[in-house]
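First up is the structure itself, then whatever we jot down about it.
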Amino acid sequence: MFNQHNASKRKVKISPPAETAAGLKSIQTVAYRIWEETHVGKGVKTLFKLNQPNGFDCPSCAWPDPDANKVSKIAEYCENGAKAVAWEGSANTIEPSFFEQYSINDLLEKSDHWLEKQGRLTQPMVLKSGDTHYSPITWEAAFSLIATQLLALDHPDQAIFYTSGRTSNEAAFLYQCFVRQYGTNNLPDCSNMCHEASGKALTDTVGIGKASVVLNDIPKADLLIVMGQNPGTNAPRMLTAMEELKNNGGKIISVNPLPETGLLQFRHPQKPWEWIGKPTSIHDLHLQVKVNGDLPLMKALLKMLLEAEKNAPGEVFDTAFIAEFTVGYEALRQHIETTNLAEMIQESGVPEKQIREAASLIIGKKNIIIAWAMGITQHRNAENTIREIVNILLLKGAIGKPGAGTLPVRGHSNVQGDRTMGVWEKMPDSFMQRLGNAFNFKPPINEGVHAVGAIQAMVDGKGKVFMGMGGNFALAAPDTNIVFEGLKQCALTFHVSTKLNRSHLIHGKTALILPCLGRTEEDISNNGPQFVSTEDTAGRVRRSHGDLKPVSPDLKSEVAIVCDMAKAVLGKENPTDWEGMSEDYGLIRDKIAEVIPGFEDYNERIKVAGGFYLPNGARERNFNTPDKKARLTVNPVNFNKNPETPFILMTVRSHDQFNTTIYGYDDRYRGISNSREVVMMNKDDMNQYGCKAGDLVKLTSVFEGEKRILEGFQVVPYDISPGCLSVYFPEGNVLVALGNNSEESHCPASKYIEVFLEKMDNGSDE
Ligand code: SF4
């Protein structure tokens, strides 16, 4: 069973949520983290390179940088970017003696925060079958072990090659090329678990599964709607763009089950004159939906917009745009006509008056951007909600012009780039043909497994080798106990990592840890210094080169690891120049330019400060759908909720974490500190269940008759809609059944977990 990491041993402290995001407190936090984690001088020096055109790309989120001439020379980063740099630049290291001291069982007792806090991994380690402790292994022996295991499989589809969003374009491209030359398309990635639904719904409707806006569009918008996203924590520099929009007279509507501080007020941390006095008020209207009330909310808004359009034809909808660039209007109009407004309002959880206010803001504006994140994508009906978002934008003609369009805000720094590079279980035939031609091989044709499919394959005994290229799959994936079961059944599990995490401890019969360079560190091959490149949320590709001395001479770059592994597995006869590419990353970029449209002259264009944008048809009203038009669609509301289940639970991130990396136990903006084993609960629900703050509860999710349990979590009274609960990710993953995922893209429904709640006997102590 999943160890709840001493759940409820840490007593939660509760204070009122912060009223303002960023500001002086953010600067203080950055200073503290740099002091705590790094040698101060080293940490500060590194921050001056963060997101600079001649520096390295932030290893945290994928928010775009300003144009090169607008980048702040002093601090082009946020509190969380600085935390990520401090965490990676830790002065602590894990030497082999650490593994002599701690057995796997000892380490399993430690919290995830403690594991990563021990510092950077410094040399390859192996856990041999039956051993209780990891021990050192040479790189050569590690690659030989991988080759032996992979070549012993009955079929390459028995191996699974996962990618987290940290991997650079160069490493990701080579990685998928190696995996396909080995013979499988089993390339699940973290996109499968976050924005897969965005990719699917946007490709269906506007022909590209990425944002249609760039950073400069945000201040030009008349109206920004932020849905299911918490920018103050998950993409903090977005607040700077939102502040600019407000200063230009634009309006912001936030849609979220929680009133997140980052959407209330903001003090720009790099503008000391804003640290005191009145902060910038961010949203003009907050719509506190029920968890997953977004789709009915969109439908209610559409109904109101259509009514207004009927009263003033051509004044509300952009009829010229609809006629020229879209299909499906009549079917959508008829569907909206028959939509029951009262029902949609009730299902949304938002009072009618507020929805009408939002509708009148939308009616009066032409340049509208809708941003969203996992509050929208991690639902069973995610694709329908996203297509409904697109409907609103298309009816307003708000796409393909300055200050208007779609903005799915991506999480990890290169999650979008990895997908562009071909890390996907079902790349289109055109890509496979070009890849095969460029490397003179026949790519496999079987569709590979996505993240959920990979877990199922391991549990069923069909997946026997698991490789993690970065990340912490064991914790990031849904249905924690099932994932653990699957990983433990593998013959070999191995991970390319910078720090120790739980995925190294939930292992197959044999396990390897392959330590790699961080993005902040210099990467010097026999050919001299190398750099890599990444793609941000807005589809801009930029170069990234660290300049810190690596923490250990035994580290390899991700590129070198892929190349050495390919040489060991594919053998001497393999015609690909792995050796040459590992010494000169320019050769990899030449191959990328040959295979992937939009990367022509990659090596030349990447030299330009700030990089270059990839082609984006939707940005130019050139919709790459089968009929070359944007598609208005009809999207039914069908939650299939069990009427007996009293609560819908969603998982959220705290302000002191990045994905599975837990920096600490304080969620400053929400006023929750000292513990993460908490459940946020509406006060009326607390009264009904006889709960007070700090009481311990047991949560039981029921999916298709199976129960999953999380117990010993402490109640925190919070401003969340009645009937809704929230716990932190990844702790809440225990409750997410593997089968509970989005209908069309299998994105885990981590924001829609039907649960029962029981009060437990209180046993919490300090
Ligand atoms: S907004 Fe994202 S990319 Fe920018 S510094 Fe912060 S964490 Fe890094």
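None of these values were measured; they are calculated from a predicted model. Indexing begins at 1, ligand by ligand and atom by atom, following the structure's order.
A donor-acceptor pair under 3.5 Å is formed between the side chain of Q530 and the backbone N or O of Y585. Of the possible donor and acceptor atoms, one in the side chain of R542 sits under 3.5 Å from a partner among the backbone N and O of Q52. Checking side-chain atoms of Q288 against main-chain N and O of L258 turns up no donor-acceptor pair under 3.5 Å.
Look at R237 and atom 4 (Fe) of ligand 1: an N/O/S atom of the residue is under 2.8 Å from the metal. Put simply, C61 gets within reach of atom 2 (Fe) of ligand 1, with an N, O or S atom under 2.8 Å from it.
Distances from atom 8 (Fe) of ligand 1 to the heavy atoms of P59, C58, G81 show the closest one on C58.
Counting protein heavy atoms only, atom 5 (S) of ligand 1 is closest to C78 N, 3.3 Å.
With respect to K200 and E196, no salt bridge is recorded, no charged nitrogen being found less than 4.0 Å from a carboxylate O.
The atoms of ligand 1 that sit less than 4.0 Å from any heavy atom of S60 are 7 (S).
Aromatic pair H495/F473: centroids not less than 6.0 angstrom apart.
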